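See structure below.
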Amino acid sequence: MATLTVATWNVNSIKIRQDGVADWLKTVAPDVVALQELKCETKAFPVAPFEDLGYNCAVHGQKSYNGVALLSKFPIEDVTTTLPGDGDDGQARYIEGVISLDGQALRIASIYLPNGNPVDSDKYAYKLVWMRRLKEHARAVLAHEEMLVLAGDYNVIPSERDVHDPEAWRGDALFTLETRRAFREIVHLGLTDALRACDDAEDRYTFWDYQGGAWPKNHGIRIDHLLLSPEAAARLTGCRIDRGRRGGEKPSDHVPVVAEFRI
DNA sequence: ATGCCGGGCGAAGCCCGA
């Protein structure tokens, strides 16, 4: 019985964070990692430190903003970067690939879902449209009935117990009833929230703002998620949030979420 | 709550994030 470790992490600039990510890879040794908010162009992604640690890299980058990647100890095949209705969407927010394991496959996506604030702007409309596109794509890939992990920064607080102070976030684009309903529509296609399948506690956050002492006061929110197909959920053995990565020098404002599977 | 952080860009100050 082998263990497959799959993680997601919004690194908030891969250039600034590359040493910290490499250090984390050495410590945790995940098999597959979904990264978000690279803030660099594809050709500028620092592949060397990760290849030196035995990882293959698939990158969908963009200058200054957004950017997503997959790292994998196994080869990454059939890489795609578009969602239905992509049109002229110039924002690098989605990358998907197939990881070939012994006799089976894992389909993994790295998602950087739009923030959507303020709610009276076109950014919010873009977020909701993007979520509908993700839903349609999720429906299509779920039909393959394979191990599937839709991992990333969803910019969605799913419920009241995923935020330190619900009143402080009421009306925010991450927490409106409309946003949460759109997220549920995706989950209800048949996906499992990996963290909540393993840990029902309050105080399970993945993001703390840099400002206002949010980290020392533990004013966090849970917005980074691994959503699993039934085939993946059946093999899930654990899921944890790597809170320790919020401390130290020059941390990202997000921390990794790590899931383990028996394969 | 907004922009008190932090990062990108680019060389000061604005844009953006959640």
Side-chain angles (χ1 to χ4, degrees), chain A residues 8-21 24 34-46 59-69 89-94 110-131 134 151-183 195 203-225 241 243 245-257:
Chain A
T8 184
W9 195 5
N10 177 321
V11 295
N12 186 16
S13 169
I14 193 61
K15 288 178 185 172
I16 291 289
R17 223 71 64 197
Q18 59 181 292
D19 291 346
V21 173
W24 176 77
L35 300 176
Q36 302 87 36
E37 227 179 339
L38 307 176
K39 293 185 171 176
C40 80
E41 293 179 281
T42 301
K43 61 176 186 280
F45 184 90
V59 181
H60 181 38
Q62 174 186 344
K63 187 180 177 71
S64 305
Y65 305 113
N66 309 317
V68 285
D89 186 349
Q91 301 194 26
R93 295 181 175 276
Y94 190 85
S110 181
I111 292 164
Y112 181 43
L113 206 146
N115 174 304
N117 277 307
V119 292
D120 60 356
S121 71
D122 55 2
K123 293 181 180 180
Y124 187 58
Y126 175 70
K127 175 177 192 157
L128 295 174
V129 168
W130 207 96
M131 293 182 83
L134 178 61
D153 174 2
Y154 279 77
N155 272 316
V156 176
I157 302 166
S159 75
E160 302 231 339
R161 74 188 198 290
D162 297 311
V163 49
H164 76 281
D165 180 2
E167 293 313 315
W169 288 84
R170 200 79 66 194
D172 191 281
L174 281 64
F175 196 50
T176 61
L177 292 176
E178 203 172 19
T179 293
R180 289 154 65 187
R181 181 172 62 207
F183 182 74
L195 192 280
D203 182 26
R204 293 292 180 263
Y205 306 136
T206 65
F207 168 91
W208 297 261
D209 200 299
Y210 288 121
Q211 301 176 85
W215 167 243
K217 289 189 282 196
N218 196 27
H219 288 180
I221 53 178
R222 191 176 73 92
I223 56 174
D224 299 271
H225 310 298
I241 297 168
R243 281 178 69 97
R245 291 287 153 178
R246 188 60 178 79
E249 300 249 325
K250 284 203 162 290
S252 171
D253 39 7
H254 298 247
V255 294
V257 185

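Below, all heavy atoms of this structure are taken into account, side chains as well, without hydrogens, waters or symmetry copies. Only a predicted model underlies this, so the values are computations on that prediction, with no experimental measurement involved. Just so it is clear: chains get the letters A, B, ... in the order the sequence lines come, proteins before strands, and each one is counted from 1.
Residue A/Ala173 is classed as having no contact, given no heavy-atom separation below 4.0 Å to the nucleic acid. Nucleic acid contact class of A/Asn10 (heavy atoms, under 4.0 Å, all strands): sugar-phosphate only. Note on A/Asp165: nothing from the nucleic acid sits closer than 4.0 angstrom, heavy atoms only.
Toward the 5′ end of DNA chain B lies the nearest nucleotide of A/Glu167, the other residue of the pair A/Arg93 and A/Glu167 mapping further downstream. Of the two residues contacting DNA chain B, namely A/His254 and A/Gly212, the nearest-nucleotide position lying further toward the 5' end is that of A/Gly212.
The interatomic distance linking A/Ile157 (CD1) with B/dG17 (P) rounds to 16 Å, in whole Å. For the pair A/His219 NE2 and B/dT2 C1', the interatomic distance rounds to 16 Å; values are reported in whole Å. Whole-Å rounding puts the A/Trp208 CH2 to B/dG17 C1' distance at 17 Å.
Applying the side-chain hydrogen bond (donor to acceptor under 3.5 Å, both in side chains) test to A/Asp253 and every residue at least two apart in sequence or in another chain returns nothing. Among residues two or more places apart in sequence or in another chain, the side-chain hydrogen bond (donor to acceptor under 3.5 Å, both in side chains) test is passed with A/Trp130 by none.
Between the side chains of A/Asn12 and A/Lys39, at least one donor N or O sits under 3.5 Å from an acceptor N or O.
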Write down the protein N/O and nucleotide N/O pairs, taken from nucleotides 6-12 of chain B, whose separation is under 3.5 Å; answer none if there are no such pairs.
from: B/dG7; atom 1: OP1; to: A/Arg17; atom 2: NH1; distance (Å): 3.1
from: B/dG7; atom 1: OP2; to: A/Lys250; atom 2: NZ; distance (Å): 2.6
from: B/dG7; atom 1: O3'; to: A/Ser13; atom 2: OG; distance (Å): 3.3
from: B/dG8; atom 1: OP1; to: A/Ser13; atom 2: OG; distance (Å): 2.5
from: B/dG8; atom 1: O3'; to: A/Ser64; atom 2: OG; distance (Å): 3.4
from: B/dC9; atom 1: OP1; to: A/Ser64; atom 2: N; distance (Å): 3.4
from: B/dC9; atom 1: OP1; to: A/Ser64; atom 2: OG; distance (Å): 3.1

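Among the candidates A/Thr8, A/Thr206, A/Asn155, A/Asn10, the single residue satisfying the side-chain hydrogen bond (donor to acceptor under 3.5 Å, both in side chains) test with A/Asp224 is A/Thr206.
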